[in-house]
K.L.:
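Provided herewith is a single structure, encoded as structure tokens, for subsequent inquiry.
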Amino acid sequence: MFDLSSYEKLPQSFYNHSDVVHVAKELLGKYVFTNIDGIITAGKIVETEAYCGRNDRACHAYAGRTERTRVMFEKGGVAYVYLCYGIHHLFNVVSNEEGLADAVLIRALEPVWGTETMHIRRGSKVPFSKLTAGPGTLSKALGIHKKHNALDLCGDTLWLARNIEAPAELEIEATTRVGVDYAGEDALLPWRFYIRDHPFVSVKKKKSLT
DNA sequence: GCAATGATTTACT
DNA sequence: GTAAATCATTGCC
């Protein structure tokens with residue numbers, strides 16, 4: 001059975017690491033919790049992508065600080081929620097110090113708590129295996145809304161935790177990121193991480209390699 | 001103030 | 001496999 005007492009909220013210091021790629025890898029196997037309207041949902045992180053605002057053209061913050069991206073320039077430990085294509089909410093974890101726009105995009109989760117609620121939020125009869133397999137769908141399943149943008153991840157509405165009983169070692173695979181072809185050479189950076197052979201990883205196919 | 005576009009998903013051919 | 005849905009952010013007038 002799932003025991004909430006086995007989970008420990010990640011401290012502020014976790015997000016202040018100077019290497020966003022390192023944070024992205026550390027996030028694998030951790031858990032995302034949300035408490036929306038008193039309903040708790042949670043999922044294990046199985047896929048992430050690192051974005052670095054200083055030298056990564058794929059990052060929204062690369063072009064500079066704007067009204068939208070200013071959250072990424074905050075100190076680590078806040079949520080950056082962005083509405084993409086007018087439909088989908090993407091959930092990012094901001095890392096590093098204030099002024100350095102690093103963030104980790106959560107691309108896929110494994111539902112572990114409140115799966116009934118997730119099903120309701122996802123509406124139609126999506127198979128269980130698709131509940132949180134994708135950056136837009138996982139946000140919807142967890143009830144993450146853009147109103148949660150800039151939320152403190154150490155708060156009581158949206159936070160990350162680790163399982164104190166979970167094994168420390170994971171099979172981590174690193175590949176190029178998805179959907180950032182426009183970023184040119186930066187799209188080739190192996191900054192996408194996922195747990196090897198995990199069923200909830202959104203297996204991306206296309207790879208226009210020459 | 002107005003038009004273009006995107007870190008995606010879903011449905012239809 | 002291709003195309004549409006849909007809207008906040010962005011850049012230019």
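Heavy atoms only: backbone and side chains are in, while hydrogens, waters and symmetry mates are out. Lettering of chains follows the sequences in order, A, B, ..., and the numbering in each one begins at 1.
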K.L.:
Find the distance A/Y82:OH to C/dC7:C1' and express it as a whole number of Å.
P.N.:
10 Å
K.L.:
Mark this stacking check for A/Y51 against B/dA7 as yes or no, applying ring centres under 5.5 Å and ring planes under 30°.
P.N.:
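Stacking between A/Y51 and B/dA7: present.
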K.L.:
Which of parallel (below 30°), tilted (30 to 60°) and perpendicular (above 60°) describes A/Y82 and A/Y80?
P.N.:
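Correct class here is parallel.
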K.L.:
Using whole Å, what does the distance between atom C1' of nucleotide B/dT10 and atom NE2 of A/H88 come to?
P.N.:
8 Å
K.L.:
Evaluate the ring planes of A/Y31 and A/Y7, with Trp represented by its six-membered ring, and classify them as parallel (under 30°), tilted (30 to 60°) or perpendicular (over 60°).
P.N.:
perpendicular
K.L.:
Is there a salt bridge (Lys or Arg N to Asp or Glu O under 4.0 Å) between A/K75 and A/D152 once you walk through the steps?
P.N.:
CA-CA 10 Å; A/K75 65 179 184 302; A/D152 186 355; over 6 Å; no
K.L.:
Starting at CD1 of A/I87 and ending at P of B/dA11, how long is that distance when rounded to a whole Å?
P.N.:
11 Å
K.L.:
All N/O contacts under 3.5 Å from nucleotides 10-13 of chain C to the protein, with atom names and distances to one decimal?
P.N.:
| residue | atom | partner | partner atom | Å |
| --- | --- | --- | --- | --- |
| C/dT10 | OP1 | A/T66 | OG1 | 2.2 |
| C/dT10 | OP2 | A/R68 | N | 3.3 |

K.L.:
If B/dT10 has a Watson-Crick or G-U wobble mate with both distances under 3.5 Å, name it; if not, just say none.
P.N.:
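Paired with B/dT10, as far as the under-3.5 Å criterion goes, is C/dA3.
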K.L.:
Would you classify A/Y80 as touching base, sugar-phosphate or nothing, given that sugar-phosphate means primed atoms plus P, OP1 and OP2, and contacts are heavy atoms under 4.0 Å?
P.N.:
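Answer is base: heavy atoms of A/Y80 come under 4.0 Å of a base.
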K.L.:
Using whole Å, what does the distance between atom C1' of nucleotide B/dT8 and atom CG of A/L105 come to?
P.N.:
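After rounding, the reported distance stands at 11 Å.
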K.L.:
In terms of side-chain heavy atoms of A/L83, which of C/dA5, C/dC7, B/dA7 is nearest?
P.N.:
C/dC7
K.L.:
Any side-chain N or O of A/R107 below 4.0 angstrom from OP1/OP2 of B/dT8?
P.N.:
yes
K.L.:
Where do A/V46 and A/L109 come nearest, in terms of heavy atoms and distance?
P.N.:
CG2-N, 4.0 Å
K.L.:
Does the side-chain ring of A/Y85 sit on the six-membered ring of the C/dA5 base, less than 5.5 Å centre to centre and under 30° in tilt?
P.N.:
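Taking the rule of under 5.5 Å and under 30°, the ring of A/Y85 does not stack on C/dA5.
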K.L.:
Can you measure A/I106 atom CD1 to B/dA7 atom P for me and round it to whole angstrom units?
P.N.:
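Between P of B/dA7 and CD1 of A/I106: 17 Å.
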K.L.:
Return the pairing partner of B/dA4 with a 3.5 Å limit on both distances, Watson-Crick or G-U wobble; otherwise return none.
P.N.:
C/dT9
K.L.:
Distance check needed: C/dT6 C1' versus A/K140 NZ, whole Å only.
P.N.:
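That distance rounds to 13 Å.
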K.L.:
Flag yes if more than 12 heavy atoms outside A/Q12 fall under 6.0 Å of its CD atom; otherwise flag no.
P.N.:
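Enclosed: over 12 neighbouring heavy atoms sit under 6.0 Å from CD of A/Q12.
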K.L.:
List the residues meeting side chain to side chain contact (heavy atoms under 4.5 Å, CB included) with A/A24, not counting sequence neighbours, and say none if there are none.
P.N.:
A/T48, A/A50, A/V104, A/F193
K.L.:
Take the protein atom NE2 of A/H89 and the nucleotide atom C1' of C/dT9, then report the distance between them rounded to whole Å.
P.N.:
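Rounded to whole Å, this separation is 14 Å.
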K.L.:
Rounding to an integer number of Å, can you tell me how far A/R122 CZ sits from B/dT8 P?
P.N.:
15 Å
K.L.:
Can you tell me how far CG of A/L28 sits from NZ of A/K44, rounded to the nearest 0.5 angstrom?
P.N.:
10.0 Å
